[in-house]
Protein chains: 2
Amino acid sequence: MLKPFSNKVAGLAPSAIREILKFTADPEVISFAAGNPAPEAFPVETIRRLSDEIFAAEPINALQYSVTEGYAPLRAWLENDLRYKGMFADNDMVIVTAGAQQAIETTAKILCNEGDVIFCEDPSFIGSLNAFRSYGVRLVGLPTDKDGILTDKFEEALTAEPTAKFLYTIPNFQNPTGNTTTLARRQEILKLAEKYGVYILEDNPYGDLRFAGEPVASYKSLDTKGVVLYAGTFSKTLAPGLRVGYLCGEKEFVGKAVVGLQTSTVHTNIWAQMLTYKFVTTVDFKEHLKRLQEIYRGKYTRMANALKANMPDCITYSEPQGGLFIWATIPDEYDMNAFCTEAVHRKVALVPGNAFLSDENAVSHSFRMNFSTPTDEQIDKGVEILGAFAREFFK
Amino acid sequence: MLKPFSNKVAGLAPSAIREILKFTADPEVISFAAGNPAPEAFPVETIRRLSDEIFAAEPINALQYSVTEGYAPLRAWLENDLRYKGMFADNDMVIVTAGAQQAIETTAKILCNEGDVIFCEDPSFIGSLNAFRSYGVRLVGLPTDKDGILTDKFEEALTAEPTAKFLYTIPNFQNPTGNTTTLARRQEILKLAEKYGVYILEDNPYGDLRFAGEPVASYKSLDTKGVVLYAGTFSKTLAPGLRVGYLCGEKEFVGKAVVGLQTSTVHTNIWAQMLTYKFVTTVDFKEHLKRLQEIYRGKYTRMANALKANMPDCITYSEPQGGLFIWATIPDEYDMNAFCTEAVHRKVALVPGNAFLSDENAVSHSFRMNFSTPTDEQIDKGVEILGAFAREFFK
């Protein structure tokens, strides 16, 4: 009976990470494959109290239909906060979305016809790449080094791809590499985007989780021409289960996104928006972020030290100054997929690097390691297992 | 700087109802234009208690990332409940969505290429029609009478439109007409869908709000061939702000929908799913529904009586046995839009019928009245104002 699926989704496969995560249902498996924030970072008691206050004071507002744009006090707080950071222009508008993922998916829907090009870092976040694929776009991956996208390659791609609508980038502690784009690269990339008339969709889920080094100005704060669309989220700074993110950019674009969201989820869960608003306005949010940064600094340092102590020298690692991920690269002559497959048999889950490529069938010699979700003990034990096995594998 | 919007959303306008609702920001305006459940129907104290229990017992589960398919205990409850009602076949799967709206929007994304046809009742729910429009489909509206879609017209349309993917229908207390499709019509329509190989997307937000007459078997329960996709929601039976709905149908289709949802919202707010599960399993849900039915019976009866007492005889009304809406039709020789515009100047908001047509520019002589949101006093006063003005208008 089944009708064929639409062309745009026919080839869409579940995220490769999900397939890996199936192995992690085995309680004996130590997972470095997830991308979850550290559970000890959730301010559970505060959330419980704030939630109760909401139902005591404004239960109907927390339960009734609400407006698509988002909870007005939260939007006003976001506007102020973004303006303070130089990220809200006079012609801008900010709306609340069901996580940054919805902001990203909606941007593709609003801008792209099937066959249009979206530029992305190669590698990049698979959730976003799949969102783009679900609209039948053509992903053009841009090569990167530890400082970000190679700007000459970006200009070549801009010249070659006149149907390109935007560049998708995660400039801070990128997923999966952990790298941060330097200020100089950001300025060059922004200039190129302006010159060729493409948007930059700046995805910044990890920016507030900086545990080393100095902050770099966001694309949004550098933008004077309305080129940058900014996706933010409370998934890593408060809790991802809430599904509260936001999209900020030119009014005309964001206004159209509102019409799109009206047809997809009507509005983001309103209790979660009220809770987020209460959280950022009644607790010391900066202190809260400091506490998170300490947690992540500790976990990263532990994993980096364990890798140094246990793994053979032929493997190299990115050196993130924040976020959740380390990107490990093995020598070219070895088979990365064989390494990851054997690792999971030994009860340590990694994500093979090709999952993050614009062309998933391309060869990768890297894998992603997450340090935020495992406990300290799991980090120690998992890297120990991995090290013992790697010393056999890389001989 | 702005790039053009994608073809599929370029012409997409905000819901006409939203434009009307702007007038209702004026506190003097009595709104019969909304579609909100009655606020007194929200079980506020129970929700407050259950929410607190969740944060006391399983805070991390309520805050961490969760699976796209939905909260497993809620899915299991839904499967049982649907199976008990004859609405879950062995090859079926049920998933949780951010309201039925997301189930409906995702169905269009999964099945339709731009230019494909979706059949709908004419008139039908504008939120769904706009979701379909946002994928560049062509809406083919089917004429209806008080018993549902005219089956001969459906067969004509099926013959004429080979690219049609599905029929979208609200069989119970339809939005906007309030009409319920008879069993005979459902059987005929299902047979035609089978014969021509199109899905039926059955949207049933109001089914549990029956306050008169006898329930009619759902399309899903009549289906033996896997033709029916069923969208349900807790928006009207618990609270719409939670954004918890669901989609049930053939595994192969629903599995693809999961891949789609993974790229759009990742998963539905998990606290809301846990709360819904706790609600349906720890309170007497049937008693709760009975209480809602009494509230809606009271409000409908009050509005129907007020219309009879105040309005000129030349206006006719649908006679819903449940749901939230009455559909009023004025004589052909009068201008419905002029009537609605004048009504809002006199501080009573109605929704002009053409907002619900597959072709919004077509002429309509009907308007929609909502009886669930206004208070009893507002129903009395609003209809009184409307009656005084209508007696002048229809002379």
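The sequence lines fix the lettering, A, B, ..., with proteins before strands; numbering per chain opens at 1. Just the heavy atoms: all of them, side chains too, but no hydrogens, waters or symmetry mates, feed the values below.
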Engineer: Using a 4.5 Å cut-off on heavy atoms from C-beta on, say whether the side chain of B:W271 contacts that of A:L275.
Structural biologist: no

Engineer: Does any backbone or side-chain atom of B:A257 lie under 4.5 Å from a heavy atom of chain A? Answer side chain, backbone, both or neither.
Structural biologist: neither

Engineer: Highest number of heavy-atom pairs under 4.5 Å with chain A: which of B:H267, B:K165, B:Q102?
Structural biologist: B:H267

Engineer: Any idea how B:F253 and A:F5 line up, ring-wise: parallel (<30°), tilted (30 to 60°), or perpendicular (>60°)?
Structural biologist: tilted

Engineer: B:S6 and A:Y135: side chain to side chain contact (heavy atoms under 4.5 Å, CB included), yes or no, with the steps?
Structural biologist: CA-CA 11 Å; B:S6 67; A:Y135 287 103; over 6 Å; no

Engineer: Can a salt bridge be assigned to the pair B:E105 and A:K109 using a cut-off of 4.0 Å between side-chain N and carboxylate O?
Structural biologist: yes

Engineer: Among A:A131, A:P59, A:S264, single out the residue with the greatest number of heavy-atom pairs under 4.5 Å to chain B.
Structural biologist: A:S264

Engineer: Highest number of heavy-atom pairs under 4.5 Å with chain A: which of B:I126, B:L111, B:I47, B:N61?
Structural biologist: B:L111

Engineer: Locate the shortest heavy-atom distance separating A:F55 from B:V44; write the atom from each residue and the value.
Structural biologist: O-CG1, 4.2 Å

Engineer: So what's closer than 4.5 Å to chain B heavy atoms on A:Y65: side chain, backbone, both or neither?
Structural biologist: both

Engineer: Between A:T68 and chain B, which part of the residue has a heavy atom less than 4.5 Å away: side chain, backbone, both or neither?
Structural biologist: both

Engineer: Considering all heavy atoms of both residues, which atom of A:N113 and which atom of B:E114 are nearest to each other, and what is their separation?
Structural biologist: OD1-OE2, 4.5 Å

Engineer: So which part of B:A10 gets closer than 4.5 Å to some heavy atom of chain A, the side chain, the backbone, both or neither?
Structural biologist: backbone

Engineer: Looking at every non-hydrogen atom in both residues, tell me the closest pair between A:P240 and B:Q64 and how far apart they are.
Structural biologist: CG-OE1, 3.4 Å

Engineer: Heavy-atom pairs under 4.5 Å with chain A: which of B:N36, B:I60, B:L12, B:N130 has the most?
Structural biologist: B:N36

Engineer: Any donor-acceptor pair under 3.5 Å linking the side chain of A:Q101 with the backbone of B:T263?
Structural biologist: yes

Engineer: Non-hydrogen atoms of chain A under 4.5 Å away: do they reach the side chain of B:T265, the backbone, both or neither?
Structural biologist: both

Engineer: Give a yes or no on whether the backbone of B:I110 and the side-chain of A:K8 come within a donor-acceptor separation of less than 3.5 Å.
Structural biologist: no

Engineer: Most heavy-atom pairs under 4.5 angstrom with chain B, which of A:D52, A:I54, A:I270?
Structural biologist: A:D52

Engineer: Could you tell me if the side chain of B:V9 sits less than 4.5 Å from the side chain of A:V259, heavy atoms only?
Structural biologist: no

Engineer: To the nearest 0.5 Å, tell me how far B:L63 CG sits from A:S235 OG.
Structural biologist: 11.0 Å

Engineer: Over all heavy atoms of both residues, which pair between B:T268 and A:R243 is shortest? Give the atoms and the distance, please.
Structural biologist: C-CG, 4.4 Å

Engineer: Count the heavy-atom pairs under 4.5 Å between each of A:V258, A:L242, A:D116 and chain B, then report the option with the highest count.
Structural biologist: A:L242

Engineer: With chain B, which of A:P37, A:A13, A:A98 has the greatest number of heavy-atom pairs at distances under 4.5 Å?
Structural biologist: A:P37

Engineer: Within the side chain of B:Q262, is there an N or O that forms a donor-acceptor pair under 3.5 Å with the backbone of A:G127?
Structural biologist: no

